[in-house]
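Below is one structure, written out as structure tokens, with a few remarks after it.
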Amino acid sequence: MSEKKILIIADQISPFVAQSPMADYCRQLPQSIQELGNDIRTFMPKWGNINERRNQLHEVIRLSGMNLIIDDTDHPLIIKVASLQSARIQVYFIDNEDFFQNRLQVTDKNGVEYEDNDERTIFFARGVLETVKKLRWNPDIIHCHGWLSALIPLYIKKAYHEEPAFRDSKVVYSLYDKAFRNSFSDKYPGIIPTKDMTMGDIGDFDTPIDYNSVMKKAIEFSDGVICNSASVDASLTAFAKGKGIPVLEGDASTMGADIINDFYNKI
């Protein structure tokens, strides 16, 4: 395979957050894919429990400064970066005072899910895509991991499809175990549109808008799906297969870079 530009977007990447199947896998995958001759860019959220000094994060002024409007409220976009030096890979972090600073991932320290998790998916997805545009780097494959990147496939196909950076991009979505219990607000679909999007572009969500509903929307606009856990909900796997797109089943621990690389070639 000729060199491809691979954008990897993940909720969690080790060692910036505590070890988990996703964090560990998304630490090894970029390095392994890069070692096969591909060009890699990696993004994740700047969760509030990430130690900036220990991990040597610093703000990238030229990429920061944009305001993203969500539900009529301006939210400044801050971009930070750190290096996985052993892998020679830079990780870009999406940050914002309202959504990420001083806040954990799905729940607060008392285990209560954040009420604005739905808005966080919008901010994160748009923040990643706007930053990639500024990098002037056009990915061939966009590989998304986790609930926070669930809107990336929709935005790529409906809002950013004419952008030179994404015109030829294909989207792979990796499914994991259920990440949240509560449902998103009923207003969620109405605050998703950006640029020239319409409600018709978004289509219907299964209601209530729970984890499976959000995952189905990600699958609907993806070009391929990977089941990165042996215990992914069977209804999601069946939904993906029903879309007629390539589906790779298995467990992240058994999926080497060669398997993922071959899957990219099928997209």
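Bear in mind that the values here come from a model prediction, so they are computed numbers and not experimental data.
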Residues joined to Y114 in its hydrophobic cluster, side chain to side chain under 4.5 Å directly or through other members, sorted by chain and number, are L104
Run the side chain to side chain contact (heavy atoms under 4.5 Å, CB included) test against N182 and tell me which residues pass, sequence neighbours left out. E113
How would you list, by chain and number, every residue that makes a side chain to side chain contact (heavy atoms under 4.5 Å, CB included) with K133, sequence neighbours excluded? E130, Y160, E163, A165, F166, K195
Qualifying residue for side-chain contact (heavy atoms from CB on, under 4.5 Å) with I33, from D258, I89, I260: I260
Less than 4.5 Å apart, any side-chain heavy atom of [X] and any of [Y]?
X	Y	value
T121	L148	yes
R62	L135	yes
P193	M199	yes
W147	D11	yes
L154	M197	yes
I141	N38	no
S213	T207	no

Please, which pairs that meet salt bridge (Lys or Arg N to Asp or Glu O under 4.0 Å) have at least one residue in [range], sequence neighbours excluded?
range	value
residues 176-187	D71-K187, E119-K187
residues 230-242	K241-E249
residues 15-40	D39-R41
residues 92-102	K80-D95

Worked verdict on M215 versus F239 for side-chain contact (heavy atoms from CB on, under 4.5 Å): CA-CA 10 Å; M215 292 301 102; F239 182 79; over 6 Å; no
Step by step, would you call S235 with N212 a side-chain contact (heavy atoms from CB on, under 4.5 Å)? CA-CA 8 Å; S235 68; N212 277 16; 3.4 Å; yes
To the nearest 0.5 Å, tell me how far [X] [atom1] sits from [Y] [atom2].
X	Y	atom1	atom2	result
L68	I94	CG	CD1	8.5 Å
L84	S14	CG	OG	9.5 Å
I209	S183	CD1	OG	8.0 Å
C144	I9	SG	CD1	4.0 Å
F93	I50	CZ	CD1	5.0 Å
S222	H143	OG	NE2	9.5 Å

Per the ring pair (Phe, Tyr, Trp, His ring centres under 6.0 Å) rule, what does the pair list look like for residues 193-218, sequence neighbours excluded? F180-Y211, Y188-F205
Pairs meeting criterion ring pair (Phe, Tyr, Trp, His ring centres under 6.0 Å) with involvement of residues 41-87, two or more places apart: F43-Y92, W47-F100, H75-F99
Verify the cluster assignment for V225 and Y176: are they in a single hydrophobic cluster under the rule of side-chain heavy atoms below 4.5 Å apart? no
When you look at [atom1] of [X], are more than 12 heavy atoms from neighbouring residues, nucleotides or ligands closer to it than 6.0 Å?
X	atom1	value
D196	CG	no
K266	NZ	no
Q56	CD	no
D74	CG	yes
N102	CG	no

Closer than 3.5 angstrom, by distance alone: can the side chain of [X] be matched with the main-chain N or O of [Y] as a donor-acceptor pair?
X	Y	result
R167	E162	yes
Y155	I192	yes
T42	I8	no
D201	T198	yes
N96	P76	yes
S32	L29	no

What pairs with R120 under side chain to side chain donor-acceptor pair (under 3.5 Å), at least two apart in sequence or on another chain? N117
For L77 and F123: C-alpha separation, side-chain torsions, deciding distance, then whether side-chain contact (heavy atoms from CB on, under 4.5 Å) applies. CA-CA 8 Å; L77 175 62; F123 182 86; 3.8 Å; yes
Under the side-chain contact (heavy atoms from CB on, under 4.5 Å) criterion, do I61 and S64 qualify, and how do the steps go? CA-CA 5 Å; I61 302 299; S64 298; 5.6 Å; no
List the residues meeting salt bridge (charged side-chain N to carboxylate O under 4.0 Å, His left out) with D223, not counting sequence neighbours, and say none if there are none. K157
Salt bridge (charged side-chain N to carboxylate O under 4.0 Å, His left out) partners for K216, two or more places apart: D206
